[in-house]
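Throughout, numbering of the chain's residues begins at 1 and tracks the sequence.
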Amino acid sequence: MTMETVNNLSSQTNSSSEINNSHVEDFWNNIYSHSPTHFPDDDDEVLSTALKHFGDIQGARLLDLGCGYGSSSLYFARKGANVTSVDISEVAINNIAQFCAEHQITNITGVKASAFDIAQLGEFDFVFGNLILHHLEPFGDFAKVLRQTVKPGGKAFFHENNAFSRVLVWFRENIVGKYGIPKYGDNEEFPLTPQEVDELKKYFSVNLEYPELVFFGLASVYLFKGGFHPPMQALDKFLYQYPTFRKYSYRQYLMLE
């Protein structure tokens, strides 16, 4: 495995943007410094669903965008893809580089880069991302970069959160991080909005799927610190059988072609 660094596409990046990027990088460096790289479960739902969407990836170029812990890169590499693992965190890239060296894995290349710089890496047959899109702003600019990155006839798969529900958005903006309610993730992120999905639709055919309804179960996590989880989860499961409710789920798959 090799490790590379990609410079920013623009030489006109302003100082406030540089400071913000540095803050985000420091946040994720801290996260990944306590989280070793490891092989994923073969039956991982997100990864197996992505593989089904991609089809045969043997020998294909696959971009793992926001590779993080590295398990998704290892999964696709084990299925035969030539994987380029990209993350803004140098710690994440160093972790997977060390893991690959220890396990003699040669079909993964780690690249420390911003998601906005991936067009420099050439075209890919497939792009995968797990909870990465909602971190990217301005999103319209990223959608253009993504189109340049995916080969004609190629596919992309993203597992994302979902800002379709106005109730969840209000709760996030007014309650989370206050009154003793925990806040997870960095301060710059926001759930993926329907308007951002529309940006992707300018360049791709986009199919949305909701693997489960995650709505009332969030109240258990945020308000009751895990309490009342079984009945809340049961309510989500009951409502999931009605398609009208599914689009309100905090969890979604975006399958691009």
Side-chain angles (χ1 to χ4, degrees), residues 1-9 21-22 24-133 135-136 142 145-146 148-151 154-160 185-186 253:
M1 174 180 174
T2 60
M3 187 277 206
E4 304 171 4
T5 300
V6 174
N7 294 324
N8 288 334
L9 287 172
N21 287 339
S22 176
V24 172
E25 182 177 348
D26 288 344
F27 176 88
W28 291 107
N29 278 338
N30 181 61
I31 294 293
Y32 297 128
S33 65
H34 303 291
S35 306
T37 297
H38 58 84
F39 284 112
D41 296 331
D42 280 333
D43 59 352
D44 183 284
E45 176 198 317
V46 173
L47 297 176
S48 59
T49 304
L51 184 62
K52 183 178 179 181
H53 173 60
F54 292 152
D56 183 13
I57 64 173
Q58 185 72 35
R61 291 196 78 208
L62 187 147
L63 175 64
D64 185 5
L65 183 60
C67 62
Y69 301 107
S71 57
S72 50
S73 293
L74 294 167
Y75 177 88
F76 294 119
R78 191 160 54 185
K79 300 296 182 180
N82 295 312
V83 179
T84 298
S85 306
V86 170
D87 204 284
I88 196 173
S89 167
E90 185 172 3
V91 172
I93 296 302
N94 287 337
N95 284 349
I96 193 170
Q98 180 179 350
F99 186 92
C100 289
E102 293 172 353
H103 293 82
Q104 293 81 50
I105 298 171
T106 60
N107 58 332
I108 295 179
T109 299
V111 180
K112 178 185 178 299
S114 163
F116 292 89
D117 297 339
I118 58 176
Q120 293 188 46
L121 302 174
E123 292 184 323
F124 289 84
D125 301 289
F126 306 107
V127 176
F128 172 84
N130 188 19
L131 298 175
I132 178 64
L133 296 185
H135 292 280
L136 306 178
F142 170 75
V145 172
L146 182 64
Q148 296 169 12
T149 303
V150 179
K151 286 183 178 179
K155 298 179 181 180
F157 178 97
F158 297 99
H159 172 219
E160 274 300 326
D186 65 69
Y253 294 150

- prompt: With a 3.5 Å cut-off and no angle check, do the side chains of Asn130 and Ser72 form a donor-acceptor pair?
  reply: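 Result is no, nothing qualifies.
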Test item: [X] and [Y] side chains (from C-beta on) under 4.5 Å apart, heavy atoms:
X: Cys67; Y: Thr84; result: no
X: His159; Y: Glu45; result: no
X: Phe54; Y: Phe76; result: yes
X: Leu133; Y: Phe142; result: yes
X: Val127; Y: Ile118; result: no

Which value, rounded to the nearest 0.5 Å, describes the distance between [X] atom [atom1] and [Y] atom [atom2]?
X: Glu160; Y: His135; atom1: CD; atom2: NE2; answer: 7.5 Å
X: His34; Y: Asn29; atom1: NE2; atom2: CG; answer: 10.5 Å
X: Leu51; Y: Ile57; atom1: CG; atom2: CD1; answer: 5.0 Å
X: Ile88; Y: Lys112; atom1: CD1; atom2: NZ; answer: 6.5 Å
X: Phe128; Y: Leu63; atom1: CZ; atom2: CG; answer: 11.0 Å
X: Ile108; Y: Phe99; atom1: CD1; atom2: CZ; answer: 8.5 Å

Short side-chain to backbone donor-acceptor contact, [X] and [Y], under 3.5 Å:
X: Asn107; Y: Ala81; value: yes
X: Asp41; Y: Asp43; value: no
X: Asn95; Y: Gly70; value: no
X: Asp125; Y: Arg61; value: yes
X: Thr149; Y: Glu123; value: no

Please name the pair of heavy atoms, one in [X] and one in [Y], separated by the smallest distance, quoted to 0.1 Å.
X: Val83; Y: Ser85; result: CG1-OG, 3.8 Å
X: Ser73; Y: Asp64; result: OG-OD2, 2.5 Å
X: Lys79; Y: Gln58; result: O-OE1, 3.4 Å
X: Asp42; Y: Tyr75; result: O-CE1, 3.9 Å
X: Ser71; Y: His38; result: CB-O, 3.4 Å
X: Leu65; Y: Ile132; result: O-CG2, 3.8 Å

message: Students often mix this up, so state it plainly: with edges at 30° and 60°, are the rings of Phe157 and Tyr253 parallel, tilted or perpendicular?
response: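 Rings of Phe157 and Tyr253: tilted, 30 to 60°.
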- request: Could you please spell out the steps behind the side chain to side chain contact (heavy atoms under 4.5 Å, CB included) verdict for Ser114 and Leu136?
  value: CA-CA 9 Å; Ser114 163; Leu136 306 178; over 6 Å; no
